[in-house]
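A quick note: this is a predicted structure, and the numbers were derived from the prediction, not measured. Side-chain atoms are counted along with the backbone in the values below, which use heavy atoms only and exclude waters and symmetry mates.
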Amino acid sequence: ERAMRCSVAQSLKDALIIDSDLETWLAKHPTQALCSSIQCDWASRMDTALDGGSLEGPSQVLVERLASLSSATSSPLKRAQLIVELAQQRDCTQSLHDANSSQDHRWLRQLRLYCTDEPTDVVEGTSFLEQLIKGTTPLAVTCVARISSATLSYGYEYQGIGRRLIRTQLTDRCFATLASSLKWRLGGNPVGPAGTGKTESVRALGALCGRHVVVFNCDEAFDLGATGRLLRGLCRTGAWGCFDEFNRLDEGALSAVAQQLRFIQEGLLSKSSAVEISGRATPLVPTTAVFVTMNPGYAGRSPLPETLKRLFRTVAMAKPDSRAIATTTLYAHGFSEARARPLAHALVALFELCGSRLSSQSHYDWGLRALGPVLKTAGNLLNTTSEPNALLRAVRATVAPRLVQEDAQPFDELLRAAFREDALVQDDGSTQQEGTDALTDAISTDRLDKAFTEAAQARNVNSSPEWLAKARQLRSVL
């Protein structure tokens, strides 16, 4: 474990010197070090610029870096992660155009990373930070994360290349609330409807702070017998635990888990070195944190016990900004900035129209989660066709297989209404995607229809044109 942290710290220190040639810089360093160093560089530049009264310098640097990454061809995964991060920094910088101090509350509520050699007071305690940095083998760099009045120690946990959350004002507000709860040694409780990013926000905050986040799915099959072992593991390692849909547990299970969580939270509040879980004394690392997400709007959900409410700080997760998320996602996948915004807005408008105009089916989903596969497919298709055509073919390949017959024609009309002239582009059936789906072999439509017809005849099934079209659609989403 110490070797891992030393390696992560060394790679972060090496990446802090950002080359003017970003493609060379991308190739030399791992993704985690790249993203963390770009955040440290932005935070230090912004502090200096805000105190100087002009943000022209950071704004120009961000524009140049985004242009350089957009035109680059190497390291697509790293490049996409950095584009998402730089786009968020650009939007934040633009929103602070009238700020004139690094103590402006709009700036302080942003997540900021700093690499410093000065003694820093963190929520886990100065002695813990000194022990973390020095240890048996000293770390190459000291990194901290600051949000509002909270300063968190960087965990130096290896993160790899994961999906990077696109941050919006809702996400920033969630980050600020969770960081505030950690400052006061409390837990966090994101509350809101499904698909608003509750669990993903906890994961993203942990990744940005270099922490290991373990998510527990609280469903009917939740293993209470293993809960004690899992919680003891969290306490020993100092990881973050997120109990997803916590109020799905029945009252008996909820009470049992709540009692164990209360012991951990009270131990963190009192700065104890150990807590008792399931009758066994367990070492408590100060970086341990517990979060619970809840979806209170469904029948049969249990309320959070009163004993836990005072130990968790609640943040309401309302409707996410789907247009901003879709715009940044398309931009990160290679779409030009000029086309990403109108195409993303048209796509979100289409899904909103589908939710209100098409029939109600149990398998239909027109929310944020449904946008992800469409945007990913559009990015994969961009190398073979134009930007509007790529998105339209992605919509047809992803949405059409799920439509019932009565909604097929209305969907085409809504597609034309949302995209106007771009919707006249027809999918020729030769959609190609990178990945593991069935379309990677690019078999022609004629060969597919012949194979489907032979299979249908062998089973005495009538292979009508409609049946063949639905079979091709089903294959496109396997």
- Item | Salt bridge Arg310-Glu266, side-chain N to carboxylate O under 4.0 Å | yes

- Item | Under-4.0 Å salt bridge between Glu124 and Arg211 | yes

- Item | NE2 (His363) with more than 12 external heavy atoms under 6.0 Å | yes

- Min side-chain heavy-atom separation Tyr158-Ser7 under 4.5 Å: no

- Could you go through the side chain to side chain donor-acceptor pair (under 3.5 Å) check for Gln94 and Ser59 one step at a time? CA-CA 8 Å; Gln94 292 174 351; Ser59 298; over 6 Å; no

- Is the shortest heavy-atom distance from the side chain of Val399 to the side chain of Phe351 under 4.5 Å? yes

- Heavy-atom side-chain contact between Glu387 and Leu391 under 4.5 Å: no

- Query: Does the pair Asp98/Arg106 count as a salt bridge with the N-to-O cut at 4.0 Å?
  - Reply: yes

- Item | Full working for side chain to side chain donor-acceptor pair (under 3.5 Å) between Gln81 and Glu85 | CA-CA 6 Å; Gln81 298 253 330; Glu85 185 59 40; over 6 Å; no

- Does a salt bridge link Glu1 with Arg5, judged by any charged N lying under 4.0 Å from a carboxylate O? yes

- Nearest 0.5 Å, what's the CE-OG1 distance between Met317 and Thr171? 6.0 Å

- Message: One pair to check against side chain to side chain donor-acceptor pair (under 3.5 Å): Tyr114 and Thr120. What are the steps and the verdict?
- Response: CA-CA 11 Å; Tyr114 294 93; Thr120 305; over 6 Å; no

- May I ask you to check whether over 12 heavy atoms, not counting those of Arg369, lie within 6.0 Å of atom CZ? no

- Message: Whether the side chain of Thr287 engages the backbone of Gly238 through a donor-acceptor N/O pair (distance < 3.5 Å, no angle test) should be reported.
- Response: yes

- Evaluate whether atom CD of Gln169 has more than 12 neighbouring non-hydrogen atoms of other residues, nucleotides or ligands under 6.0 angstrom away. no

- Closest non-hydrogen contact found for Ala394 with Ala378 is CB-N, 3.5 Å

- Query: Going through the distances and angles, do Thr24 and Asp19 end up as a side chain to side chain donor-acceptor pair (under 3.5 Å)?
  - Reply: CA-CA 7 Å; Thr24 303; Asp19 298 338; 5.9 Å; no

- Atom OG of Ser148 and atom CZ of Phe175: how far apart are they, to the nearest 0.5 Å? 12.5 Å

- Message: Could you check whether Asp47 pairs with Arg112 (Lys NZ or Arg NE/NH1/NH2 to Asp/Glu carboxylate O, under 4.0 Å)?
- Response: no

- Would Ile277 and Ile264 satisfy side chain to side chain contact (heavy atoms under 4.5 Å, CB included), going step by step from the backbone distance to the final call? CA-CA 8 Å; Ile277 300 177; Ile264 297 175; 4.0 Å; yes

- Message: Within this structure, what is the CG-CG distance for the pair Leu86 and Leu66, rounded to the nearest 0.5 Å?
- Response: 5.0 Å

- Between Arg262 and Gln259, a side-chain donor and acceptor under 3.5 Å: yes

